[in-house]
Protein chains: 4
Amino acid sequence: MTDKPDDKPDKPRRRLPRSVREQEILDAAVQVFSKRGYRAAVVDEIAELAGISKPMVYLYLGSKEGLFVACVRRESARLVAAFREAADAGGPPEGRLWAGLAAFFGYVAEHRDSWVVMHRQAPEQGEEIAGELAAARRSVMAEVTGLVGAGIAEGGGGPIKLGAEDAEFVAHALVGAADSLTDWMERHPGESPEAVTVRLMNVMWVGMRNVLAGEVWSRPEG
Amino acid sequence: MTDKPDDKPDKPRRRLPRSVREQEILDAAVQVFSKRGYRAAVVDEIAELAGISKPMVYLYLGSKEGLFVACVRRESARLVAAFREAADAGGPPEGRLWAGLAAFFGYVAEHRDSWVVMHRQAPEQGEEIAGELAAARRSVMAEVTGLVGAGIAEGGGGPIKLGAEDAEFVAHALVGAADSLTDWMERHPGESPEAVTVRLMNVMWVGMRNVLAGEVWSRPEG
Amino acid sequence: MTDKPDDKPDKPRRRLPRSVREQEILDAAVQVFSKRGYRAAVVDEIAELAGISKPMVYLYLGSKEGLFVACVRRESARLVAAFREAADAGGPPEGRLWAGLAAFFGYVAEHRDSWVVMHRQAPEQGEEIAGELAAARRSVMAEVTGLVGAGIAEGGGGPIKLGAEDAEFVAHALVGAADSLTDWMERHPGESPEAVTVRLMNVMWVGMRNVLAGEVWSRPEG
Amino acid sequence: MTDKPDDKPDKPRRRLPRSVREQEILDAAVQVFSKRGYRAAVVDEIAELAGISKPMVYLYLGSKEGLFVACVRRESARLVAAFREAADAGGPPEGRLWAGLAAFFGYVAEHRDSWVVMHRQAPEQGEEIAGELAAARRSVMAEVTGLVGAGIAEGGGGPIKLGAEDAEFVAHALVGAADSLTDWMERHPGESPEAVTVRLMNVMWVGMRNVLAGEVWSRPEG
DNA sequence: AATGAATGAGATTTCATTCAT
DNA sequence: TATGAATGAAATCTCATTCAT
């Protein structure tokens with residue numbers, strides 16, 4: 001009666017297995033947490049976006065906090081995977097570095113929600129959430145740091161020794177820049193992630209290379 | 001009535017003029033908004049931190065939203081002012097650029113609260129707040145862009161023409177990097193903001209300079 | 001289909017007849033209602049304890065309320081039966097009285113769950129439940145009153161006439177005492193229900209007998 | 001407009017000091033907890049009965065659990081006070097015992113709600129509540145036990161030695177009987193608490209006295 | 001100018017109950 | 001016969017906001 005036989009078979013009140021539903025819920029949750037932030041996000045909206053009722057969300061993920069933690073875990077794993085996959089291809093290290101960074105920028109640009117969930121949440125949401133966020137950031141940052149460090153080591157040989165601390169420094173700068181540059185990309189829709197990567201490499205990698213070669217910037221006399 | 005004039009002057013129960021009170025409220029509000037985020041911040045905590053009662057907050061700033069808007073306005077004005085002040089000193093342009101950027105990094109590092117209120121708030125909190133945040137961010141970014149653009153124009157002349165778009169690109173990268181590097185600074189307490197600025201200039205500015213001189217990074221064959 | 005007939009008989013996945021299943025459900029329900037109270041009891045727990053799924057509970061008993069009513073009916077019937085069985089044995093009346101009361105105390109002590117379901121539930125859970133609880137309590141109390149009354153009639157003959165009202169009074173006191181003494185028994189595990197019965201008879205029955213014989217307590221002058 | 005000047009001055013939207021309001025809230029809470037039990041009680045009903053809004057209840061007592069604990073504390077203190085006050089009057093011990101018991105019965109009968117809150121709650125409501133209930137019961141029971149023990153000691157001298165364990169036993173029986181007898185009193189409105197006390201003393205005290213005197217009940221041969 | 005008292009609206013979370021298979 | 005999936009309704013608790021003094 002409410003269900004004419006010629007309805008689309010796709011949407012009508014699906015009865016999905018747990019694992020599929022769970023992923024759909026996480027998809028919705030990432031969107032909402034990203035758009036609103038942890039506190040401002042309301043579980044009702046997540047449920048509605050996932051096409052189910054609120055109690056389902058609680059049945060599957062246990063609590064708003066559990067939901068958020070699951071999001072952070074899944075999304076950070078995905079970003080790290082994208083990174084590794086691109087960077088693990090063979091070839092000279094600088095190329096792998098480029099590929100990893102391009103994948104990183106591409107991912108951050110394309111999955112803004114995902115990135116925002118991991119990176120832009122105030123860390124005052126309680127013990128477990130803070131820990132989970134910190135872990136996610138560490139794992140992302142470690143991946144970038146590793147690649148940068150490899151690139152530095154490879155390009156090394158100049159009079160200046162760049163060590164682990166420098167790799168971390170550059171990784172922080174790159175990650176921050178990438179995050180911020182997604183705003184820029186939004187206003188320049190013509191630019192592909194690769195183009196942005198090249199732009200940034202022009203600024204940062206060439207700089208690094210020259211620093212390795214001994215050219216050091218210092219404040220001009222004023 | 002409960003307050004004879006010869007009370008001890010120790011617990012002030014101050015009767016401050018509007019403007020002073022208002023600033024104190026804003027001071028408290030910036031702290032709380034920064035620590036908790038807009039939604040999670042509770043007006044009670046702000047009032048308590050300001051040492052007054054909640055109705056006073058409403059009397060002075062009208063609403064939670066008004067309170068937040070006033071914070072954002074004041075803080076962005078301060079950051080822009082720090083900027084201008086440093087960059088407006090005389091001397092060669094590259095020195096003024098350095099000074100401006102160092103002031104920017106220094107400000108972001110030192111006034112974490114202020115910066116977080118402007119930059120780390122989800123921009124989906126309602127019409128007026130979103131607008132105010134966007135305006136604040138734009139005005140900060142414009143200032144950085146201006147400085148970078150001036151530096152580029154000054155150093156320009158190479159075969160590659162860097163235009164307004166490039167300045168904006170670099171500004172976004174710098175702002176994002178500065179933001180992210182405050183995390184790094186927290187874990188490296190020995191490094192002064194100036195030292196961090198130099199580090200970053202080593203990587204980014206030297207790179208930019210060389211790019212201006214025609215040295216372009218391109219993906220190595222792989 | 002998922003169930004080939006040569007499955008191991010170990011995890012039964014039993015296909016029980018209605019009546020047996022129903023009793024198992026009631027067993028579980030009595031436990032849970034007793035432990036949590038009517039409102040706090042959750043049907044999920046009852047189903048799990050009974051080893052079946054929740055919809056089966058609804059199929060068999062219709063609703064949480066129906067489930068509770070069935071529990072109360074079955075348990076009060078059991079208590080009354082334990083009573084009658086003990087008291088109906090032959091012998092002198094005082095012995096039958098003792099046997100009945102001992103059975104009562106023993107039942108209350110040993111089937112704590114059963115007793116709690118009948119006696120410790122707030123009687124404000126809605127029309128049908130309140131009625132059922134009242135009926136159960138009345139029927140238990142009637143049984144005790146009957147026994148006590150028989151004992152009194154038997155021993156009667158003194159100057160004081162104990163009537164139906166007195167029997168009811170004593171019955172209430174006995175039932176309340178039995179209830180409360182189960183707490184005492186829990187802290188004195190060495191004492192058997194029969195020993196407790198004797199103790200109480202020492203205090204109450206001897207008192208009653210003497211009262212029947214004309215010895216009346218009155219407040220001493222003070 | 002909603003408030004004609006000739007309204008009764010008694011009810012209209014009072015603005016009470018904290019301590020008074022708090023007592024009113026507790027009054028309402030005792031009623032509701034008693035009628036419904038802890039879980040079934042809803043804070044809305046308590047608030048309405050207290051004539052205020054729900055948030056006030058939370059402001060004053062913190063949580064439903066805190067509310068309940070406060071009730072139990074206040075009510076058990078009151079009952080114990082009623083007891084002590086009556087029993088502390090001078091005179092021979094048996095009279096003080098009678099007075100204490102009469103006060104106890106009177107209090108339980110008159111403040112049924114109070115008593116039910118302390119005595120009839122299932123002890124499965126979580127750590128703090130269980131502890132609070134246990135403490136309340138212990139303090140009430142200790143008071144009764146003390147008086148009974150004093151009475152026993154005073155009357156002692158017979159061949160049978162009644163000790164602390166017996167006093168506890170009798171106290172449990174008395175308390176349980178008193179609780180149950182309030183039901184009986186409800187159906188016999190003509191009987192005063194003192195009359196009920198006398199009735200019970202007739203049954204229990206005379207029994208005790210005779211037991212002290214060596215008359216022991218034992219099961220007749222059957 | 002200042003505040004203690006109060007509340008309406010909305011957040012998270014739970015649970016009895018029913019589909020669809 | 002049996003159940004995994006799903007939900008409407010209601011519970012506790014929080015918070016921006018306003019009275020009454």
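Atom set for the values below is all heavy atoms of this structure, side chains included, hydrogens, waters and symmetry mates excluded. Labels below follow one simple rule: chain letters A, B, ... track the order of the sequence lines, proteins then strands, and each chain is numbered from 1.
Which of dT1(F), dT7(E), dA6(F) sits closest to the side chain of S53(D) comes down to dT7(E). You'll find that the side chain of V42(C) is closest to dA16(E), out of dA16(E), dT12(F), dT12(E). In this structure, of dA2(E), dT17(E), dT3(F), it is dA2(E) that holds the atom nearest to the side chain of Y60(B). In this structure, of dT3(F), dT7(E), dT13(E), it is dT7(E) that holds the atom nearest to the side chain of M56(D). Relative to the side chain of P55(D), the nucleotides dA16(E), dT3(E), dG8(E) differ in distance, and dG8(E) lies closest. You'll find that the side chain of K54(C) is closest to dA6(F), out of dA6(E), dT12(F), dA6(F).
E22(A) places its CD atom 16 Å from the C1' atom of dA6(F), with the value rounded to the nearest Å. Atom CD1 of I46(B) is separated from atom C1' of dC15(F) by 12 Å (rounded to the nearest Å). Separating the CZ atom of R36(C) from the P atom of dA16(E) is a distance of 12 Å, rounded to the nearest angstrom. Counting to the nearest Å, the P atom of dA2(E) and the CD1 atom of I25(B) are 9 Å from each other. Protein atom CG of L61(C) is 16 Å distant from nucleotide atom C1' of dA2(F), rounded to whole Å. Whole-Å rounding puts the E45(B) CD to dA16(F) C1' distance at 15 Å. Residue L59(C) contributes atom CG, which lies 14 Å from atom P of dC19(E) at whole-angstrom precision. Following rounding to the nearest Å, F68(B) (CZ) and dC15(F) (P) show an atom-to-atom distance of 18 Å.
Ring geometry for F33(B) against F68(B) counts as perpendicular: the plane angle is over 60°, on a 0 to 90° scale with 30° as the lower cut.
In this structure dA20(F) sits in a base pair with dT3(E), meeting the Watson-Crick or G-U test at under 3.5 Å. Judged by Watson-Crick or G-U wobble contacts below 3.5 Å, the nucleotide dG10(E) has dC13(F) as its partner.
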Tell me, with the steps shown, if V30(A) and R74(A) meet side-chain contact (heavy atoms from CB on, under 4.5 Å).
CA-CA 10 Å; V30(A) 168; R74(A) 192 184 75 169; 4.3 Å; yes

Between L61(D) and E22(D), is the side-chain contact (heavy atoms from CB on, under 4.5 Å) condition met? List the steps.
CA-CA 8 Å; L61(D) 278 313; E22(D) 193 168 309; 4.2 Å; yes

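Atom CD of E75(A) is separated from atom CE of M118(A) by 6.0 Å, given to the nearest 0.5 angstrom.
Considering every non-hydrogen atom in both V117(B) and V72(B), the closest pair reads CG1-CG2, 3.9 Å.
The side chain of R18(D) places no N or O atom within less than 4.0 Å of a non-bridging phosphate oxygen (OP1 or OP2) of dG4(E). Between dT14(E) and R39(C), no contact under 4.0 Å exists linking OP1 or OP2 to a side-chain N or O. A sub-4.0 Å separation between OP1 or OP2 of dG4(E) and a side-chain N or O of R21(D) is absent. For the pair Y58(C) and dA2(F), the criterion of a side-chain N or O lying under 4.0 Å from OP1 or OP2 is not met.
Residue I52(D) is in sugar-phosphate contact alone, with no base atom involved, counting any heavy-atom pair closer than 4.0 Å across all strands shown. Residue contacts for A41(C): at a heavy-atom cut-off of 4.0 Å it reaches the sugar-phosphate backbone alone, with no base atom in range.
Looking at Q121(A), its side chain does come within 3.5 Å of a backbone N or O of Y38(A) through a donor-acceptor pair.
Heavy-atom distances to DNA chain F give each of K64(D) and D44(B) a nearest nucleotide, and the one nearer the 5′ end belongs to K64(D). Sequence order on DNA chain E of the closest nucleotides to E65(A) and E65(C) puts E65(A) first from the 5' end.
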